[in-house]
Q: 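This structure is in structure tokens; I'll ask about it shortly.
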There are 2 protein chains.
Amino acid sequence: MGATKSDHFTQKQNDIAAIAKALAHPARIAILEYLLKVDACICGDIVNELPLAQPTVSQHLKELKNAGIISGNIEGNAICYCIDEKVWEKNRKIFETLFERINKKKTCC
Amino acid sequence: MGATKSDHFTQKQNDIAAIAKALAHPARIAILEYLLKVDACICGDIVNELPLAQPTVSQHLKELKNAGIISGNIEGNAICYCIDEKVWEKNRKIFETLFERINKKKTCC
DNA sequence: AATGTTTATCGTAATATTGCAATATTAAAA
DNA sequence: TTTTAATATTGCAATATTACGATAAACATT
């Protein structure tokens with residue numbers, strides 16, 4: 001085993017889990033916070049911002065890219081990373097919807 | 001390796017990643033959606049709601065409990081599971097803050 | 001007391017993730 | 001063209017996660 005049984009869940013459930021998975025590592029949160037902080041694309045220097053080796057950072061960037069959260073545009077020698085605003089907004093709504101679905105009418109606990 | 005280097009990141013970054021990790025599986029999303037849907041505590045029948053074996057469900061419930069998202073109160077024979085509203089609200093704000101930090105002033109891409 | 005019900009834990013197999021050294025790739029700079 | 005710089009990929013070791021059968025624990029019911 002070890003493989004998630006995605007087939008047995010709804011598309012939506014798998015989607016939410018996939019976004020959460022992309023955010024489920026402090027290095028990836030750090031990358032996103034850096035991109036949010038500088039409020040622009042980053043051409044280089046992401047590796048220097050993180051306490052991890054270059055291949056490891058590259059791998060985390062790849063996961064964020066695969067999740068659609070960031071995009072990387074070749075900019076001459078370097079690569080320019082940006083948060084994809086549309087995806088970011090879509091994901092914001094997905095989490096907002098999930099978290100706001102609660103209704104304070106519990107009957108126990 | 002395989003072990004996340006939590007020490008090298010801020011508490012906040014680790015916290016966000018930990019919440020995301022708890023949400024990073026469709027079964028756990030399904031459990032939470034069920035708890036949200038029935039709008040009450042669930043004493044039993046969570047296992048029947050999911051396409052997974054009982055020990056697997058129990059394990060997922062444990063992870064949600066460890067993350068503080070749900071709590072389980074012993075109710076005679078069964079155990080009554082609830083979403084912890086305070087933690088839920090706290091997590092909602094954490095994600096809201098993360099997602100709303102974006103600023104549409106990009107200079108490239 | 002014996003049985004049934006519900007949930008947890010143990011043990012284990014399969015798979016995934018994390019991290020990095022080594023190496024490859026790509027393009028700018030010298 | 002050689003060198004330098006930036007990023008990606010490969011390969012591998014360590015660890016984590018997912019899943020479930022078997023079993024245990026706790027309590028209710030008979």
Side-chain angles (χ1 to χ4, degrees), chain A residues 1-9 13-14 17-31 34-35 41-67 70-82 108-109, chain B residues 1-9 13-14 17-31 34-35 41-67 70-82 108-109:
Chain A
M1 309 292 148
T4 294
K5 289 184 147 187
S6 314
D7 294 357
H8 300 321
F9 300 98
Q13 285 162 349
N14 283 310
I19 305 164
K21 203 169 184 179
L23 301 176
H25 195 290
R28 296 195 285 274
I29 297 296
I31 290 170
Y34 185 59
L35 283 171
C41 304
I42 297 304
C43 305
D45 76 358
I46 286 189
V47 170
N48 301 325
E49 283 290 316
L50 295 178
L52 296 170
Q54 180 268 325
T56 308
V57 174
S58 187
Q59 202 171 266
H60 283 302
L61 287 166
K62 194 180 180 182
E63 279 182 65
L64 288 170
K65 251 193 293 185
N66 288 343
I70 66 173
S71 63
N73 303 74
I74 296 168
E75 195 88 3
N77 199 7
I79 289 186
C80 180
Y81 284 110
C82 300
C108 62
C109 301
Chain B
M1 309 294 148
T4 294
K5 288 186 147 186
S6 315
D7 294 357
H8 300 322
F9 300 98
Q13 285 162 348
N14 282 310
I19 304 163
K21 204 171 186 179
L23 302 176
H25 194 289
R28 295 195 285 274
I29 297 296
I31 290 170
Y34 185 59
L35 283 170
C41 305
I42 297 303
C43 306
D45 75 357
I46 286 188
V47 170
N48 301 324
E49 283 292 316
L50 296 177
L52 296 170
Q54 180 268 323
T56 308
V57 174
S58 188
Q59 202 171 266
H60 283 303
L61 287 166
K62 193 179 178 183
E63 278 182 64
L64 289 171
K65 250 192 296 184
N66 288 343
I70 66 173
S71 63
N73 303 76
I74 296 167
E75 195 87 5
N77 199 6
I79 288 187
C80 179
Y81 284 109
C82 301
C108 61
C109 300

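Throughout, a chain's letter reflects where its sequence line sits, starting with A, and its residues are numbered from 1.
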Q: According to a strict under-4.0 Å criterion, is A:His60 in side-chain N/O contact with OP1 or OP2 of C:dG19?
A: yes
Q: Answer with base, sugar-phosphate or nothing: what part of the nucleic acid does A:Leu52 contact at a heavy-atom distance below 4.0 Å?
A: sugar-phosphate
Q: B:Asn66 CG to D:dT17 P: how many Å, rounded?
A: 11 Å
Q: Does A:Lys5 have a side-chain nitrogen or oxygen under 4.0 Å from the phosphate oxygens OP1 or OP2 of D:dC20?
A: yes
Q: With heavy atoms under 4.0 Å as the rule, sort A:Thr56 into base, sugar-phosphate or nothing.
A: base
Q: When all nucleic acid strands are considered with a 4.0 Å heavy-atom cut-off, which category describes B:Glu63: base, sugar-phosphate, or nothing?
A: sugar-phosphate
Q: Taking A:Ala17's backbone N and O only, do any of them form a donor-acceptor pair with B:Arg28's side chain (distance below 3.5 Å, no angle check)?
A: no
Q: In whole angstrom, give the distance that lies between atom NZ of B:Lys62 and atom C1' of D:dA19.
A: 15 Å
Q: Using atom CD1 of B:Ile79 as one end and atom P of C:dT5 as the other, report the distance to the nearest whole Å.
A: 18 Å
Q: Could you tell me whether the phosphate oxygens of D:dA16, OP1 or OP2, come under 4.0 Å of any side-chain nitrogen or oxygen in B:Lys21?
A: no
Q: Rounded to whole angstroms, how far apart are CZ on A:Arg28 and P on C:dG19?
A: 9 Å
Q: Can you tell me how far CG of A:Leu61 sits from OH of A:Tyr81, rounded to the nearest 0.5 angstrom?
A: 4.5 Å
Q: To the side chain of A:Pro55, which of D:dC20, D:dT9, C:dT7 is closest?
A: D:dT9
Q: If you check the B:Asn77 side chain, which of D:dC20, C:dT9, D:dA28 turns out closest?
A: D:dA28
Q: Whole Å only: how far is the CD1 atom of B:Ile42 from the P atom of C:dT7?
A: 11 Å
Q: Out of D:dT18, C:dG19, D:dT7, which nucleotide sits closest to the side chain of A:Gln59?
A: C:dG19
Q: On DNA chain C, check which nucleotide each of B:Val57 and A:Ala27 is closest to and give me the residue with the more 5' one.
A: B:Val57
Q: Could you give the CG-to-P distance, from B:Asn73 to D:dC27, as a whole number of Å?
A: 14 Å
Q: Could you walk me through whether B:Asn66 and B:Lys62 pass side-chain contact (heavy atoms from CB on, under 4.5 Å), step by step?
A: CA-CA 6 Å; B:Asn66 288 343; B:Lys62 193 179 178 183; 4.0 Å; yes
Q: Using the side-chain heavy atoms of A:His25, tell me which of these nucleotides is nearest: D:dA8, C:dA16, C:dT18.
A: C:dT18
Q: Within less than 4.0 Å of OP1 or OP2 of C:dA8, is there a side-chain N or O belonging to B:Tyr81?
A: yes
Q: How long is the line joining CD of A:Glu49 and C1' of D:dA6, in whole Å?
A: 16 Å
Q: Between A:Gln54 and B:Ala24, which is nearer to the 5' end of DNA chain D once each is assigned its nearest nucleotide?
A: A:Gln54
Q: Starting at the 5' end of DNA chain D, which residue's closest nucleotide do you reach first, A:Asp45 or B:Pro51?
A: A:Asp45
Q: Roughly how far, to the nearest 0.5 Å, is the NE2 atom of A:His8 from the CD atom of A:Gln13?
A: 12.5 Å
Q: Go through A:Thr56 and B:Lys5 one step at a time and tell me if the side-chain contact (heavy atoms from CB on, under 4.5 Å) criterion holds.
A: CA-CA 11 Å; A:Thr56 308; B:Lys5 288 186 147 186; over 6 Å; no
Q: Rounded to whole angstroms, how far apart are CG on A:Leu64 and P on D:dT7?
A: 15 Å
Q: Report the C-alpha distance between A:His60 and A:Leu50 in whole Å, list the side-chain angles of each, state the deciding distance to 0.1 Å, and finish with yes or no for side-chain contact (heavy atoms from CB on, under 4.5 Å).
A: CA-CA 11 Å; A:His60 283 302; A:Leu50 295 178; over 6 Å; no
